[in-house]
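Step one of this worksheet: look at the structure below.
Below, chains carry the letters A, B, ... as their sequence lines are ordered, and counting in each starts from 1. Heavy-atom basis, side chains included; hydrogens, waters and symmetry copies ignored.
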Amino acid sequence: MAIVKTLGIETEYGIVHRGTDEPNPITASSVLINAYLAAAGYRTDARSDTIAWDFTDESPGMDARGFAPVGAFAPDIETHLVNAVLTNGARYYVDHAHPELSTPECADALSVVLFDRAAELIAQESMEAVNARLPPHEEIVLYKNNSDGKGNSYGCHENYLVDRATPFGRIVRHCTAHFITRQIYTGAGKVGAELPGQRTDEVPFQLTQRADFFEEEVGLETTLKRPIINTRDEPHADARKYRRLHVIVGDANPAQLSTFLKVGTTALLLALVEDDAIGTEFEFAAPVASLRHVSHDLSLAEALPLADGSTITALEVQWELFDLARKYVEATGTDKVGGDVAHLVLERWEQVLGALETDPMQLADQLDWVAKYRLIDGYRERHGLDWDDARLRAMDIQYSDMRPEKGLVWRLGLETLVDDDAAQRATTMPPVDTRAYFRGRSIDKFPDQVVAANWDSIVFDVGAEALRRVPMMEPMRGTEAHVGNLFDECDTALELLRRLGS
Amino acid sequence: MAEREQVQKPAPAERETEQADAPASSERGEEIKAELDDLLDEIDEVLETNAEDFVKSYIQKGGQ
């Protein structure tokens, strides 16, 4: 049965350190994050460092199909790197060789957009803070993209809480169809392709940054042989009740509507899957090839082969899923799928599919791939360039430059769904309607007593006794409605813990 | 898989509304085109000066 959808996204930013002979992206990411933490007033003294991320409960090697593979272990190799928890409930850390910002747990798609925009503002403040400290000829620049155009990719992952009782095979079947076809509005756009042997004249421009990097249908990997459905089974919540669907196939989107639809439609689809409300099954004959074909097809008309021998287009699948979702919401309401925001998801989903069907260029101020294509193709035509011209590749990268004055996307005036004042507040204030509220307020009010935190617990040091761990296994508990007054009334962490009864 | 037949059928009523809105959307399209022209005029100032070097030097380590 459908459960309330808690959701969030985690974005790895591209990072460049200019003006130095031997740039090291890991070091650059660390100094960047530390500069932000210092500038934003987080505790960064040498003795206690920042509030640490607690890896105790992490097990990214657990597989949703029910087995733990050989060689899977918690990422303790990373624990020496910067890994901070922010007062808005987010996590800011170095992952692989990138700075990564995870939104706090959100209760609806609009909240995800708000906290993703807050993450962009944090990224910008981080650049300002670190560049003020670097010698004048050096600069650290972030990019909200997913590929360097040379075969190296980094991700923007989505997370959705789903009912443990839902058969995983059912999730795989329906989500595969959605992930292949939602690319028509979630793609961030890319000049050229990164498949071995693929020529630029065959794929001058494609819908997504990421599709070229997926080689499997289902699997545990996130960095090699990436699968369309990732099976990491690490719910960060009560594992008897919940699963966390970890989605690695999407792009990082500067366009707010792209992010909104990406997470909003997927959360809706998952509720339908949980309630077994999808009669139609789109079983693709070749999912990996279809994922690429959709991404490479700007006409959106590619006939994709299904297992039963028939064909279907991405738009047709999306219209069908939209119709099912609309009927589902009419029949069961929006309690499990983000309340009124679900109506906005349906409204925009329908509007975008209609526009994609008639003339995608109508969406040049709304969706990333359309905006990027329009800009780069316009430049190409004006200057009479071929698609393999380096200037067009440069524009692709520069589209996602996080510096407000340099990033092309910021000059396009794309539609926004959240205002920047609210997003600025969200850089420090947690969402009020998930457990991120408890995490954020704890760190804000009792920074000296919180010694570690992670998604599903917080560890307090309240004096001589042993450290006290407060578990948060229910993502929708610990909200402002539950504990807001408690935080207002308690002057010490000890009092808070007493009143919580832990 | 009989349900798929429905997909091939003409769109439901709501989509026709979408079609009826098309002229307005085209106007918007013209506006966007004019804005794009303005943008292309000003964009040369901010574009990376040596595109070839910039593209070459944009190298990232693989992540997730």
Side-chain donor/acceptor of A:Lys406 to backbone N/O of B:Val46, under 3.5 Å:
yes
Could you have a look at A:Arg391, A:His98, A:Arg393 and say which one has the most heavy-atom pairs with chain B under 4.5 angstrom?
A:His98
To the nearest 0.5 Å, tell me how far A:Leu304 CG sits from A:Phe282 CZ.
11.5 Å
Check: A:Asn146 side chain, A:Tyr154 main-chain N or O, donor-acceptor pair, under 3.5 Å:
yes
Start with the C-alpha gap between A:Val16 and A:Glu139, add the side-chain angles, then the distance that decides, and say whether side-chain contact (heavy atoms from CB on, under 4.5 Å) holds.
CA-CA 8 Å; A:Val16 169; A:Glu139 186 177 21; over 6 Å; no
If you count heavy-atom pairs under 4.5 Å with chain B, which of A:Gly151, A:Gly155, A:Ser153 comes out on top?
A:Ser153
Bottom line for B:Asp41: the part with an atom under 4.5 Å from chain A's heavy atoms is both
Residue pair A:Ala255 / A:Leu414: nearest heavy atoms and the distance that separates them
CB-CD1, 3.8 Å
Picking from B:Glu45, B:Glu42, B:Glu48, which has the most non-hydrogen pairs under 4.5 angstrom with chain A?
B:Glu48
Measure distances from A:Asn145 to the heavy atoms of chain B and classify the residue's part below 4.5 Å as side chain, backbone, both or neither.
side chain
Residue pair A:Asp251 / A:Gln209: nearest heavy atoms and the distance that separates them:
OD2-N, 2.8 Å
Residue by residue, which of residues 17-26 of chain A have a heavy atom closer than 4.5 Å to a heavy atom belonging to chain B?
A:Arg18, A:Pro25
Using a 4.5 angstrom heavy-atom cutoff, name the option from A:Gly413, A:Gly378, A:Ala394, A:Gly149 with the most pairs to chain B.
A:Ala394
When heavy-atom pairs shorter than 4.5 Å are enumerated against chain B, which of A:Thr223, A:Ile397, A:Ile248 gives the highest number?
A:Ile397
Against chain B, work out which of A:Glu10, A:Arg210, A:Met395 has the most heavy-atom pairs shorter than 4.5 Å and name it.
A:Arg210
How long is the span from the CD1 atom in A:Ile140 to the CZ atom in A:Arg403, to the nearest 0.5 Å?
12.0 Å
Fit a plane to each ring of A:Tyr143 and B:Phe54, take the angle between them on a 0 to 90° scale, and name the class: parallel (under 30°), tilted (30 to 60°) or perpendicular (over 60°).
tilted
Testing the basics here: between A:Ala97 and B:Lys61, what is the closest heavy-atom pair and its distance to 0.1 Å?
CB-CB, 3.6 Å
Nearest heavy-atom pair of A:Lys144 and A:Ala252: which atoms, and what distance?
CG-CB, 3.9 Å
Could you tell me which portion of A:His246 (side chain, backbone, both or neither) has an atom closer than 4.5 angstrom to a non-hydrogen atom of chain B?
neither
In terms of ring plane angle, is the pair A:Trp319 and A:Phe322 parallel, tilted or perpendicular, where the classes change at 30° and 60°?
perpendicular
Heavy atoms only: give me the nearest A:Asp148-A:Glu194 pair and the separation to one decimal.
OD1-OE2, 4.2 Å
Side chain / backbone / both / neither for A:Arg382 at chain B, heavy atoms under 4.5 Å:
side chain
Heavy-atom cut-off 4.5 Å, strictly under: side chain, backbone, both or neither for B:Leu39 against chain A?
side chain
If you count heavy-atom pairs under 4.5 Å between each of B:Leu47, B:Asp53, B:Ile59 and chain A, which one has the most?
B:Leu47
Which bit of A:Glu100 is near chain B, if near means a heavy-atom gap under 4.5 Å: side chain, backbone, both or neither?
side chain
In terms of heavy-atom contacts, A:Ala364 and A:Ala371 come closest through O-CB, 3.2 Å
What residue in A:Asp401, A:Asp359, A:Thr313, A:Leu375 has the most heavy-atom pairs under 4.5 Å with chain B?
A:Leu375
Heavy-atom cut-off 4.5 Å, strictly under: side chain, backbone, both or neither for B:Leu40 against chain A?
both
